Structures are given as structure tokens and as C-alpha cells.
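For reference, the structure discussed in these notes is given below.
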Amino acid sequence: MKNKSLVSITDFSLEEILKVLDRAKEFEKNTNQNILKNKVIATLFFEPSTRTRLSFESAINRLGGRVIGFTDPSSSSVTKGETLKDTIKTVSNYSDLIVMRHPLEGSAKYASEVSSVPIINAGDGANQHPTQTLLDLYSIRKTQGKLENLNIFFVGDLKYGRTVHSLLMAMSHFKPIFNFISPERLKIPEEYKMFLDSLKIKYFEHESFTDIISEADIIYMTRVQKERFADLIDYERTKNIYILKNEMLKNTKDNLKILHPLPRVNEIDIDLDENPKSYYFTQALNGVFTRQAIISLIMGL
Amino acid sequence: MEKFKKMKVSAIKNGTVIDHISAKDLFKIVEILNLEKVDNPITFGTNLESKKLGKKGVIKISDKFFLDKDLDKIAIISPKARLNFIRDYKVFGKKDLKIPNEIYGIVKCVNPKCITNFEKITQKFEVLKKDGEVALKCKYCGKITHKKNIILT
């Protein structure tokens with residue numbers, strides 16, 4: 001894993017994924033360590049994402065590393081028309097590792113081809129967000145005690161939701177059953193169904209919540225975003241179908257946990273926050289440990 | 001039978017015959033090979049009877065032989081096509097096309113938000129669905145470009 005870029009979750013083998021999760025567990029026990037002393041890590045956010053950036057920067061700071069970078073492209077040379085290639089070539093001279101978020105899909109892979117230091121993809125458009133996936137896996141394993149043979153529900157925007165796509169691919173190592181609940185226009189894309197078919201993984205598609213959620217081990221909620229709808233009436237009609245409320249969890253399994261990559265808007269009713277089955281805030285905390293693990297392993301520490 | 005076929009599209013002395021093009025793909029092949037810009041004598045036939053394809057197209061180009069890159073282009077559009085190399089009115093070689101596992105350049109990624117449509121990058125695709133229609137999976141953004149959406153670079 002040393003010096004390896006993390007662009008897509010498929011860059012890591014099953015063994016490497018488990019190594020990250022084990023290392024994250026160590027960081028959870030002992031969060032503040034000085035192992036990144038004298039290391040400089042660049043965080044390049046070509047589009048703003050406060051939550052992801054703070055999580056990375058918290059992870060780096062807790063390991064004693066230094067951070068350089070920008071939080072918004074309007075304050076960088078990107079506005080002068082510099083290509084991604086030139087930005088990456090330059091910044092890789094100044095740092096030991098680059099964490100990048102970019103609105104264009106495939107940008108992180110391209111960056112990894114031109115960079116002399118490893119790249120960690122912190123989200124490239126609707127494509128991949130592998131560190132989110134690893135923290136999701138960490139959260140699933142921690143709450144379920146295992147990753148194998150789980151029934152996982154994905155709810156909301158399954159078409160553009162990259163966290164869904166990456167997690168689906170990662171979970172495919174562990175004999176899951178998937179249930180997809182989404183509006184017609186935000187269904188899971190064909191390429192992911194082809195991927196699941198090729199592995200003979202069972203999945204079911206639904207257009208709304210039904211009693212079927214009583215079989216869930218994990219419900220992974222996502223935001224149905226207004227901007228995905230051309231027609232506002234269609235959006236207004238759709239959005240309320242995909243809200244999870246406390247009373248809906250009545251007949252669900254004891255081990256069920258509700259995950260959400262955050263930020264949440266209204267898709268999880270706040271009355272669910274006190275339910276022990278809600279896990280999204282702890283999930284966000286797990287993100288720091290998981291990113292500590294990823295960074296330290298890529299730095300060969 | 002052989003004679004009958006020759007009457008439909010006249011024979012050439014030297015060059016290449018692209019045969020067994022499915023009729024609907026003929027003009028796409030003309031486009032991707034950029035035949036519009038070729039000065040050599042070219043004859044086309046389309047909607048010709050074919051036992052294999054129902055209706056087929058054929059292109060005969062005098063004094064021209066193609067590069068492997070061109071063959072890949074033809075294979076992506078019309079995988080059942082066959083090339084006959086003609087010398088002195090006789091076929092001296094035939095070549096069935098093979099769809100490559102990967103293609104570089106040639107095709108634009110269909111995804112408007114793909115980095116390859118913004119910076120000068122050679123596109124890379126994995127070729128999926130080999131038996132039926134061709135689908136190209138972008139190695140950068142992961143999106144699939146279907147045959148009907150293929151635009152050449």
C-alpha cells in the first residue's frame with residue numbers, strides 16, 4: 001500500500017481494505033500520535049466540501065502532520081485557467097501526499113497518473129469517494145461485528161450518489177444482499193447492476209419503503225437533491241416518499257443501524273436521532289480514524 | 001452467385017474491400033474512416049442482400065490499405081465486417097475483425113463531466129459486451145459509452 005494512490009475503492013484488494021479497518025481500530029483506541037511529524041500533506045479542494053476537508057485535516061493534525069492547500073478554487077491558480085495537470089505537477093513538488101476533491105469525474109485517476117506523490121481521492125464528481133466507503137465499512141463492521149452476509153438497503157439518490165456506488169462495490173466482497181429504494185429517475189445505474197450480475201449478487205429494486213425493511217441489517221440513507229430534478233413539482237412529490245421516521249423502525253431488527261454520509265437535509269426525521277439504531281454521527285467520527293489509517297498506510301508508516 | 005454480386009458493386013483492381021458491414025452502419029463507417037477526405041476512387045453499396053446479415057453494406061477503396069487503428073474503429077462499429085485485400089482483381093488476403101479489449105483515443109467519452117472532455121488526455125476504454133453490441137467503459141470516469149452514442153475524437 002505504501003506510495004499507492006487511492007482513487008477508487010477497487011484500487012485496494014480485500015486484504016488491503018481489511019488492513020485499513022484494523023489500523024483504524026488502533027487509531028480509535030489511541031487517536032493522537034505524532035507519526036506524521038515533518039510530513040506535509042496537501043489538501044486541494046477544487047470544490048468546497050467543509051465536512052470532508054475538516055475530517056481529513058483533523059486526521060492529519062492528530063497525527064502531527066502539516067497541511068497546505070486550498071479550500072475553494074476561487075482562491076487558487078485554477079481561476080487563471082491552469083490545467084489540473086499543471087496544478088498537480090506543481091503541488092506534488094511541495095508535498096508528500098495529495099488529498100483532492102474535484103467536480104469532474106475521473107480527475108483523481110488522471111491526477112494519479114501525472115503526480116509524483118500518492119493521491120487520495122476525496123471525491124471526483126459523481127464518480128468515487130473511496131475514503132467515505134472505507135469509513136462506511138468500518139462503521140458496518142463495528143456495529144455488526146462482521147461484514148459477511150448482511151442485508152443492506154440503499155435509499156434515495158442511487159443514480160448520482162457516489163457513496164452508494166463505492167460502498168456497493170466494496171461490500172460485494174462479502175456476500176451481501178442489496179435492496180435499492182429510489183424514485184424511478186434516480187435508480188441505481190446499469191453499470192452497477194451489470195457488476196452485481198457478473199458476481200451473482202442478489203439485489204431487489206423498490207420505489208418506496210415497505211415492510212421489507214424489517215429484514216435490513218443496514219439502511220444507508222442518501223439525500224434526494226433538488227437539483228437532480230428538472231421539474232420542481234416532481235421533486236416536491238418525490239422527496240417525502242424517502243423520509244425515514246422513527247415509527248417506521250418498529251418492526252426492524254435489533255442489530256439494524258441507520259447510516260448516512262451527511263449532510264442530511266430532511267430525509268432522516270430528527271425524531272430518529274435519539275433512537276439507538278441511528279448511527280450517522282458516530283459514523284462521521286469514524287471517518288477521522290479511518291482517514292488516519294489510510295494516510296498512515298499510504299505513507300508507509 | 002459470385003458474378004451476380006460483382007455486378008452490383010463494380011470490382012476494383014487493387015485495394016481493400018470492406019464487406020459484411022451491417023447496412024445500418026455503413027455511413028458510420030464512412031464517417032469514422034474519414035473517407036470523405038480520401039481522394040482514391042471509392043464505391044459504396046448498401047442494402048445489398050446478405051445471407052448472414054439480411055442487408056449488408058460494402059465499401060471498395062482502390063489503392064488503399066488500412067492501419068490497425070482503423071481496423072479497431074471498424075470493429076467497434078460493425079464487428080461482423082470482413083476485409084478483403086485485392087491485388088490485380090483477385091482476393092489475396094482476408095481479415096476478420098477482432099474487437100479489441102481496450103481502445104485508446106478514437107472515441108470521446110459520453111460523460112460531459114468526464115475529465116477527458118476538459119483536458120488533453122488520451123481516452124482509454126475497456127470494451128464490454130463483446131458478443132452483442134459494443135459498449136465502452138471509460139477508464140477515467142467509469143461511465144459507459146454505448147455504440148449509438150459514439151463520437152470520434
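Computed from a predicted structure; not experimentally measured. A, B, ... follow the sequence lines: proteins, then strands. Residue 1 opens every chain.
- Note that CG of A:N127 and CG of B:N111 are 8.5 Å apart. Values are rounded to the nearest 0.5 Å.
- More than 12 non-hydrogen atoms from other residues, nucleotides or ligands lie less than 6.0 angstrom from CG of B:D88.
- B:E119 has its side chain within reach of A:Y110: a pair of non-hydrogen atoms, C-beta onward, lies under 4.5 Å apart.
- Here the NZ-OG distance, from B:K113 to A:S107, works out to 9.5 Å after rounding to the nearest 0.5 Å.
- Other residues, nucleotides and ligands place more than 12 heavy atoms under 6.0 Å from the NZ atom of B:K147.
- Taken from CD in A:E105 to SG in B:C109, the straight-line distance is 8.5 Å, to the nearest 0.5 Å.
- The number of heavy-atom neighbours closer than 6.0 Å to NZ of A:K19, taken from other residues, nucleotides and ligands shown, is 12 or below.
- Residue-environment remark: NZ (A:K193) exceeds the threshold of 12 foreign heavy atoms within 6.0 Å.
- Between B:H146 and A:E190 there is a side-chain heavy-atom pair separated by less than 4.5 Å.
- Put simply, OG on A:S112 and OH on B:Y140 are 8.0 Å apart, with the number rounded to the nearest 0.5 Å.
- Counting heavy atoms of neighbouring residues, nucleotides and ligands inside a 6.0 Å radius, atom CZ of B:F27 does not exceed 12 of them.
- Few gaps surround CZ on A:R185; more than 12 heavy atoms of other groups in view lie less than 6.0 Å from it.
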>> Run B:K137 and A:M194 through side chain to side chain contact (heavy atoms under 4.5 Å, CB included) and show every step you take.
In response: CA-CA 12 Å; B:K137 185 171 183 181; A:M194 280 163 64; over 6 Å; no

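- Within the 4.5 angstrom heavy-atom criterion, only side-chain atoms of A:E113, from C-beta onward, approach chain B.
- Of all heavy-atom pairs spanning A:E191 and B:G142, the tightest one is OE2-O, 4.1 Å.
- The number of heavy-atom neighbours closer than 6.0 Å to NZ of B:K124, taken from other residues, nucleotides and ligands shown, is above 12.
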